[in-house]
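See below for the structure under consideration.
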Amino acid sequence: MIQQIDAPLREDVRLLGNLLGETLKLHAGQDLFNQIEQIRALSKGARDGQVEAEKQLEQLFLSLEDAEILPLTRAFTHFLNFANIAEQYHVVRRRRQSEFDDTAESPNPLVPLFEKFKQQEISADTLYQQICELKIELVLTAHPTEVSRRTLIQKYDGINNALSKFDQQKLTPRERQAVLADLKQLISSAWQTDEIRQHRPTPIDEAKWGFTTIEQTLWNAVPKFIRELNGMVQAQCGQNLPLDVAPVRFASWMGGDRDGNPNVTHTVTQEVLWLSRWKAADLYVRDIENLRWELSIQQCSPEISAALGQPHPEPYREYLRDTRTRLKATRHWLAEKLKGNDADDSLVIKSKDELLQPLLTCYRSLMDCNLAEIANGSLLDFIYRVNSFGIELLKLDIRQESGRHRQAISAITEYLGLGNFETWTEQARQNFLLQELQSKRPLLPKHLNEPAGSLIEHPDVQEVFATMRTLAEQPSESLGAYIISMAEYPSDVLAVLLLQKEAGIEHALRVVPLFETLKDLDGAAATMSTLFNMHWYKQHIQGKHEVMIGYSDSAKDAGFMSANWAQYRAQEELTAVAQQHGVQLTLFHGRGGSISRGGAPHQVLFPVRSG
């Protein structure tokens with residue numbers, strides 16, 4: 001069975017490799033192709049233990065001219081990328097094949113997971129409750145040296161789609177030839193595309209890359225995943241998931257991660273927030289256009305009839321007209337804000353519920369009219385998307401280094417004639433911050449919190465204040481967590497809360513200390529225990545707290561193995577401390593990229609929060 005499954009993968013890799021070879025001969029020359037074939041043959045021999053082949057391979061690489069290295073590197077990089085695409089599609093193929101064979105082990109990780117639940121004799125009610133409360137947040141990040149160009153991502157998607165078409169059993173010879181021609185064109189186009197950016201991507205470029213990922217992949221994948229999960233829950237627990245379920249959510253650091261990146265300013269953060277909402281509105285406009293076309297239904301509930309005020313031959317289309325108008329108005333308003341213009345915001349959708357309620361009303365009406373098959377179609381997918389993506393598409397996390405916050409608080413204390421906050425003892429810092437957090441008066445005169453305020457002139461301090469003012473102006477649904485990198489002390493957390501209070505942030509962002517160096521990981525439990533023992537802080541967090549575990553800096557600091565042990569130990573100690581204080585702990589794992597940046601085999605390629 002394994003050989004039968006693996007054979008198509010080998011065929012796909014061979015096909016893509018052959019087409020790449022044809023492209024290289026045509027566009028790069030026979031000499032490069034021959035050189036690549038020689039390296040492949042010698043590499044295979046060296047892998048099989050042929051000492052002479054290994055020596056020849058070493059000599060060949062040593063003899064290469066500088067001008068020869070780049071095309072060789074590009075050719076092998078493309079081949080590896082194409083092989084990865086084939087392997088990723090093969091996972092899809094195996095899942096499809098497993099559905100035809102009851103004896104085959106399913107590659108879907110949810111299947112063995114539900115089997116384990118069954119073996120552990122977990123009750124249906126307990127399992128259902130836990131799944132309904134499941135909250136996993138995937139956080140999209142970008143690194144200038146790792147971000148693939150959007151144009152290449154789109155070409156890779158095209159190659160994946162072509163492999164899918166080849167698997168169709170009823171392709172005519174002419175159709176198969178057409179797919180092959182598309183594949184050749186995509187591979188040739190990928191080779192002719194410069195995969196190395198000529199200009200360093202801006203934070204706005206990185207954010208647009210994230211939006212492309214949502215649009216091309218996650219927008220359709222999320223409702224499919226929830227449907228699949230619901231089917232398993234129905235089979236195991238005997239009931240459907242609630243309509244407001246959102247087991248997977250999404251956030252982003254792109255445009256919010258200012259740790260060591262001077263290009264991420266408060267103006268950049270504002271632009272990314274508007275862009276994210278614009279993209280969400282644009283995608284929802286497409287969805288509602290399709291939904292209104294689909295819902296040409298005559299039967300409706302009294303609730304919709306009453307809302308319309310008079311009979312209508314197509315009540316759902318008419319009922320959703322206002323929602324479509326408001327989505328278009330929202331998209332227009334955001335487009336104008338991005339241009340620097342003011343516009344009428346009277347019709348702008350400002351919360352998830354404003355978009356969700358009309359959809360739920362239509363769903364209830366269809367169910368009341370015994371039209372469940374229609375209610376559970378595109379409309380349900382729309383509802384799932386709104387639950388998962390909200391009106392913001394991606395919640396934006398803010399990340400800043402702890403030293404910047406200490407610097408900002410020091411500027412305040414020096415202005416007030418209290419001395420330099422950074423030179424105080426940790427206990428003195430905590431006492432001051434707690435006192436000011438509980439005070440009803442502002443800490444600074446109002447003019448210092450305004451853009452024109454100039455009494456505190458240090459540009460880094462001004463930027464911290466400006467960022468806080470920007471956050472205060474945003475809908476709370478658009479914002480995620482405030483991450484403190486290089487968190488060392490309890491006062492680092494309290495300082496961010498005080499800065500938020502001074503900026504007038506009505507719904508404070510949850511503050512998440514990031515413990516990343518070996519020293520910080522070792523002291524993480526003590527830091528959190530100190531915070532949990534503060535009466536005011538314990539009331540503020542209302543029984544929930546999030547902590548981020550750093551993988552990149554700890555790996556650089558202590559080495560991969562030692563860092564992993566420190567991370568494991570820190571998580572065990574943090575869990576124990578949280579349980580001792582009755583706090584529900586959410587761990588935020590900052591794992592991704594190469595081993596030097598904390599990566600590992602079969603890793604998640606972006607940070608993930610799990611409670």
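A quick note: this is a predicted structure, and the numbers were derived from the prediction, not measured.
Here the two rings, on F382 and Y284, have centers that are under 6.0 Å apart. When ring centroids are compared, W191 and H27 stay outside the 6.0 Å threshold. Remark: aromatic rings of F117 and F114 are close, center separation under 6.0 Å.
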Report the C-alpha distance between W293 and I288 in whole Å, list the side-chain angles of each, state the deciding distance to 0.1 Å, and finish with yes or no for side chain to side chain contact (heavy atoms under 4.5 Å, CB included). CA-CA 8 Å; W293 178 87; I288 204 159; over 6 Å; no
Can you list the steps and then say if Q234 with N230 is a side chain to side chain donor-acceptor pair (under 3.5 Å)? CA-CA 6 Å; Q234 173 66 35; N230 184 62; 5.7 Å; no
Worked verdict on E463 versus T467 for side chain to side chain donor-acceptor pair (under 3.5 Å): CA-CA 6 Å; E463 179 56 36; T467 296; 3.1 Å; yes
Using the rule given for side chain to side chain contact (heavy atoms under 4.5 Å, CB included), can you reason through I159 versus L183, listing the C-alpha separation, both sets of side-chain angles and the distance that settles it, and then say yes or no? CA-CA 6 Å; I159 292 171; L183 201 50; 3.9 Å; yes
Hey, mind stepping through L26 and S188 against side chain to side chain contact (heavy atoms under 4.5 Å, CB included) and telling me if it holds? CA-CA 9 Å; L26 182 62; S188 177; over 6 Å; no
Go through the steps for Y551 and N564 under the test side chain to side chain donor-acceptor pair (under 3.5 Å), then give the verdict. CA-CA 8 Å; Y551 288 71; N564 271 265; over 6 Å; no
Check step by step if side chain to side chain contact (heavy atoms under 4.5 Å, CB included) holds for F79 and V13. CA-CA 9 Å; F79 176 76; V13 173; 3.9 Å; yes
Audit row: R569, E572, salt bridge (charged side-chain N to carboxylate O under 4.0 Å, His left out) steps and yes/no: CA-CA 5 Å; R569 189 173 62 244; E572 288 286 298; over 6 Å; no
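Put simply, CG on L275 and NZ on K337 are 13.5 Å apart, with the number rounded to the nearest 0.5 Å. One distance of note links CD of E68 with OG1 of T73; it measures 11.0 Å at 0.5 Å rounding. Atom CD1 of I398 and atom CD1 of I484 lie 13.0 Å apart (nearest 0.5 Å). The distance from the OG atom of S252 to the CG atom of L140 is 6.0 Å, given to the nearest 0.5 Å. Here the CG-CH2 distance, from D287 to W219, works out to 5.5 Å after rounding to the nearest 0.5 Å. Taking OG1 from T193 and CG from L186, the interatomic distance works out to 10.0 Å, rounded to the nearest 0.5 Å.
Between V248 and V222, every side-chain heavy-atom pair lies at or beyond the 4.5 Å cut-off. With contacts defined as side-chain heavy-atom distances shorter than 4.5 Å, the pair D522/F515 does not qualify. D257 places none of its side-chain heavy atoms less than 4.5 Å from the side chain of N261. The closest side-chain heavy-atom distance from V512 to Y482 is not below 4.5 Å. Side chains of F225 and L110 form a contact here, defined as non-hydrogen atoms less than 4.5 Å apart. At a threshold of 4.5 Å between non-hydrogen side-chain atoms, the residues S478 and K395 do not count as touching. For the pair E22 and L19, the minimum side-chain heavy-atom distance is below 4.5 Å. Residues D205 and M254 have side chains not in contact (no heavy-atom distance under 4.5 Å, counting atoms from C-beta outward).
Between the side chains of N220 and R385, at least one donor-acceptor pair of N or O atoms lies under 3.5 Å. Judged purely by distance below 3.5 Å, without hydrogens or angles, the side chains of D381 and S378 never pair a donor atom with an acceptor atom. In this structure, a donor-acceptor pair under 3.5 Å is absent between the side chains of N290 and E294. Residues N81 and Y156 have side chains that bring a donor and an acceptor to within less than 3.5 angstrom of each other. Q56 and Q38 form no side-chain donor-acceptor contact under 3.5 Å, judged by distance and modelled atom types alone. Side-chain atoms of S164 and R93 include no donor-acceptor pair closer than 3.5 Å.
Side-chain N or O atoms of S43 include one that pairs as donor or acceptor with a backbone N or O of I39 at under 3.5 Å. A donor-acceptor contact shorter than 3.5 Å links the side chain of S402 to the backbone of M486. Side chain of S276 to backbone of L273: no donor-acceptor contact under 3.5 angstrom is found. No donor-acceptor distance shorter than 3.5 angstrom exists from the side chain of E115 to the backbone of P112, with no hydrogens or angles considered. Panel note: side chain N161, backbone D157; a donor-acceptor pair is recorded below 3.5 Å. Panel note: side chain E401, backbone G403; a donor-acceptor pair is recorded below 3.5 Å.
In terms of heavy atoms, L163 sits closest to A86 at CD1-CA, 3.9 Å. When all heavy atoms are compared, the tightest approach of A566 to L518 is CB-CD1, 3.4 Å. Considering every non-hydrogen atom in both A53 and A46, the closest pair reads CB-N, 3.8 Å. For L338 against W274, the heavy-atom pair with the smallest separation is CD2-CB, 3.7 Å. Contact record, L134 with R249: O-NH1, 4.5 Å, taken as the closest heavy-atom pair.
In this structure, Q177 places its CD atom where only 12 or fewer heavy-atom neighbours from other residues, nucleotides or ligands lie under 6.0 Å away. Within a 6.0 Å sphere centred on CZ of R286, heavy atoms belonging to other residues, nucleotides or ligands number more than 12. Around CD of E289, the count of heavy atoms belonging to other residues, nucleotides or ligands within 6.0 Å exceeds 12. A 6.0 Å sphere centred on CZ of F76 holds more than 12 heavy atoms belonging to other residues, nucleotides or ligands. Counting non-hydrogen atoms of other residues, nucleotides and ligands closer than 6.0 Å to CZ of R96 gives a total of 12 or fewer.
Relative ring orientation between F250 and F389 is described as parallel, the plane-to-plane angle staying below 30° on a 0-90° scale split at 30° and 60°.
Applying the side chain to side chain donor-acceptor pair (under 3.5 Å) test between Q474 and each of R277, Q270, E392 identifies Q270 as the sole match. The side chain to side chain contact (heavy atoms under 4.5 Å, CB included) with R258 is formed by just one residue from the set V268, V264, N263; it is V264.
Figure legend: cation-pi geometry between K279 and F211 absent, as NZ or CZ is not positioned both under 6.0 Å from the six-membered ring centre and within 45° of its axis.
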